[in-house]
Amino acid sequence: MNIQACIFDLDGVIVDTAKYHYKAWRRLANSLGFDFTEAQNEQLKGVSRMESLEIILSIGKKTLDETTKQELATQKNDWYLEYITAMTPDEILPSVPRFLDELKAKNIRIALGSASKNAVLTLEKVNLLDYFEIIIDGTKTTRSKPDPQVFQLGAKGLGITPENCIVFEDAAKGVTAARSAGMYAIGVGNAHDLAHAHAVIPSFEDINFIHVTKLLKETR
Ligand code: B16
Ligand code: MG
């Protein structure tokens, strides 16, 4: 094993923006006359904006034309932007900056692989933008996770072959995408939901790069 790069998902791995997506989608659902629960929000993790809207509309049993859908997605994003514009570095998930610093010190390359079209703004708000050599986000992809495109583009941008990359992901579809790209997948979160990852860590707390490579070797 010769790990040369780490590719990070954003929402759920670096920051918890899921709560802001939920607030904005719920506001939209309420404006359409129905409610949307936190449990239902789980279905939206790692899913693109328009695919998320389709899920919300099916929950509310609404059928709308394409123009209206575009308007609703824009409205949701405007509300979401209100929330993330107020984000600060306090909202970075525990121990993430320490882990990124360790990778830098070890000359492991760092990329982002996110479905979000707001990834750069989010990283700016929490002061982490400079860590990422390559950012592949929803503005650069044409296919959503579980398609491997986002991670393939990340590895390509870095010039590193897939088998030398680790992906960190909190969403089941993201883990599938990483594995389809031929990369190592570390699930971040619940081992039950991410059982198809090579290994799962609850968070980056008390985790260093040596732990991660040890976990990967144990799975082989
Ligand atoms: P936006 P990730 C994803 O981020 C979120 O998990 C998902 O809930 C959201 O719908 C998607 O980004 C698109 O976000 O509306 O900002 O373009 O987990 O892939 O970093
Ligand atoms: Mg995520």
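What's counted below: heavy atoms across the whole structure, side chains too, no hydrogens, waters or symmetry copies.
Distance check, rounded to the nearest 0.5 Å: CG of Leu100 to CD1 of Ile110 gives 5.0 Å. Leu215 CG to Ile201 CD1: the interatomic distance, rounded to the nearest 0.5 Å, is 8.0 Å. To the nearest 0.5 Å, atom CG of residue Asn164 and atom OH of residue Tyr184 are 8.0 Å apart. The structure places CG of Leu121 at 5.5 Å from OG1 of Thr85, a figure rounded to the nearest 0.5 Å. Taking CD of Gln75 as the reference point, atom OG of Ser31 lies at 7.0 Å (rounded to 0.5 Å). The OG1 atom of Thr141 sits 9.0 Å away from the CG atom of Asp147 when rounded to the nearest 0.5 Å.
Note on Leu32 and Leu44: same hydrophobic cluster, where clusters join Ile, Leu, Val, Met, Phe, Trp and Tyr whose side-chain heavy atoms are under 4.5 Å apart, directly or indirectly. Hydrophobic clustering (side-chain heavy atoms under 4.5 Å, transitive across Ile, Leu, Val, Met, Phe, Trp, Tyr) groups Leu129 together with Leu103. Linking ILVMFWY side-chain heavy atoms closer than 4.5 Å, directly or via other members, places Val13 and Val167 in two distinct hydrophobic clusters. Side-chain heavy atoms closer than 4.5 Å link hydrophobic residues (I, L, V, M, F, W, Y) into clusters, and following such links, even through other members, never connects Ile210 to Val188. Ile166 and Leu153 fall into different hydrophobic clusters, defined by Ile, Leu, Val, Met, Phe, Trp and Tyr side-chain heavy atoms under 4.5 Å apart, directly or through other members.
By the 4.5 Å heavy-atom criterion applied to side chains, Val200 and Ile186 are not counted as neighbours. Side-chain contact between Phe151 and Pro162 is absent, with no heavy atoms from C-beta onward closer than 4.5 Å. The closest side-chain heavy-atom distance from Thr17 to Thr122 is below 4.5 Å. Between Asp170 and Asp193, every side-chain heavy-atom pair lies at or beyond the 4.5 Å cut-off. Side-chain atoms of Tyr131 and Asp101, non-hydrogen and from C-beta on, do get closer than 4.5 Å to each other. Side-chain contact between Val47 and Lys173: present, with at least one pair of heavy atoms (C-beta onward) separated by less than 4.5 Å. Looking at heavy atoms from C-beta onward, Phe132 lies out of side-chain contact with Leu10 at the 4.5 angstrom threshold. With contacts defined as side-chain heavy-atom distances shorter than 4.5 Å, the pair Arg109/Cys6 does not qualify.
Here the two rings, on Tyr80 and Tyr20, have centers that are 6.0 Å apart or farther. In this structure, Phe99 has its ring center under 6.0 Å from that of Phe168.
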**OP:** Apply the test side-chain hydrogen bond (donor to acceptor under 3.5 Å, both in side chains) to residues Gln70 and Thr67: give CA-CA distance (whole Å), side-chain angles for both, the deciding distance (0.1 Å), then the verdict.
**Re:** CA-CA 5 Å; Gln70 289 296 339; Thr67 314; over 6 Å; no

**OP:** Give the intermediate values and the outcome of side-chain contact (heavy atoms from CB on, under 4.5 Å) for residues Glu163 and Met183.
**Re:** CA-CA 5 Å; Glu163 63 268 29; Met183 299 176 184; over 6 Å; no

Original post:
What's the verdict on side-chain contact (heavy atoms from CB on, under 4.5 Å) for Ile14 and Leu93, showing C-alpha distance, side-chain angles and the deciding distance?
Top reply: CA-CA 6 Å; Ile14 307 272; Leu93 289 169; over 6 Å; no

**OP:** Give the intermediate values and the outcome of side-chain contact (heavy atoms from CB on, under 4.5 Å) for residues Ile134 and Ile136.
**Re:** CA-CA 7 Å; Ile134 294 285; Ile136 307 295; 3.8 Å; yes

Subject >> Residues Val96, Phe8; criterion side-chain contact (heavy atoms from CB on, under 4.5 Å); working and verdict >> reply: CA-CA 11 Å; Val96 167; Phe8 292 83; 5.9 Å; no

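For the pair Ile84 and Lys125, the tightest heavy-atom approach, listed with the atom from each and the gap, is O-CG, 3.5 Å. Contact record, Ala86 with Glu91: O-OE2, 4.3 Å, taken as the closest heavy-atom pair. Residue Lys23 comes nearest to Tyr83 through the heavy atom pair CB-CE1, 3.6 Å, listed as atom of the first residue, atom of the second, then distance. For Leu28 against Leu72, the heavy-atom pair with the smallest separation is CD1-O, 3.6 Å. Annotation for Ala29 and Ile56: closest pair CB-CG2, 4.3 Å, computed over non-hydrogen atoms. Taking each heavy atom of Ala155 and Cys165 in turn, the nearest pair found is CB-SG, 3.9 Å.
By the 6.0 Å contact criterion, NZ on Lys69 is enclosed, its count of non-hydrogen atoms from other residues, nucleotides or ligands being greater than 12. Atom NZ of Lys214 has 12 or fewer heavy atoms from other residues, nucleotides or ligands within 6.0 Å. Heavy atoms from other residues, nucleotides or ligands lying under 6.0 Å from CG of Asn2 number more than 12.
Between the side chains of Asp137 and Asn118, not a single donor N or O lies within less than 3.5 Å of an accepting N or O. Side chains of Lys76 and His21: a donor on one and an acceptor on the other come within 3.5 Å. In this structure, a donor-acceptor pair under 3.5 Å is absent between the side chains of Tyr22 and Arg27. A donor atom on one side chain and an acceptor atom on the other are not found under 3.5 Å apart for Thr74 and Glu71.
Judged purely by atom type and a 3.5 angstrom limit, Arg179 has no side-chain atom pairing as donor or acceptor with the backbone of Gly174. A donor-acceptor distance shorter than 3.5 angstrom exists from the side chain of Lys140 to the backbone of Ile135, with no hydrogens or angles considered. The backbone N or O of Ala18 lies less than 3.5 Å from a partner atom in the side chain of Asp11, making a donor-acceptor pair. Ser203 places a side-chain N or O within donor-acceptor distance of the main-chain N or O of Glu205, the cut-off being under 3.5 Å. Gln40 places a side-chain N or O within 3.5 Å of a backbone atom of Thr37 that can act as its donor or acceptor partner.
No cation-pi contact links Lys62 to Phe34, judged by a cut-off of 6.0 Å to the six-membered ring centre and 45° from its axis.
With respect to the salt-bridge test (charged N to carboxylate O, under 4.0 angstrom), the residues Lys145 and Glu169 qualify. A salt bridge links Glu102 with Lys106: at least one charged nitrogen is closer than 4.0 Å to a carboxylate oxygen. Salt-bridge formation is not detected for the pair Arg26/Glu38: no Lys NZ or Arg NE/NH1/NH2 atom is positioned less than 4.0 Å from an Asp or Glu carboxylate oxygen.
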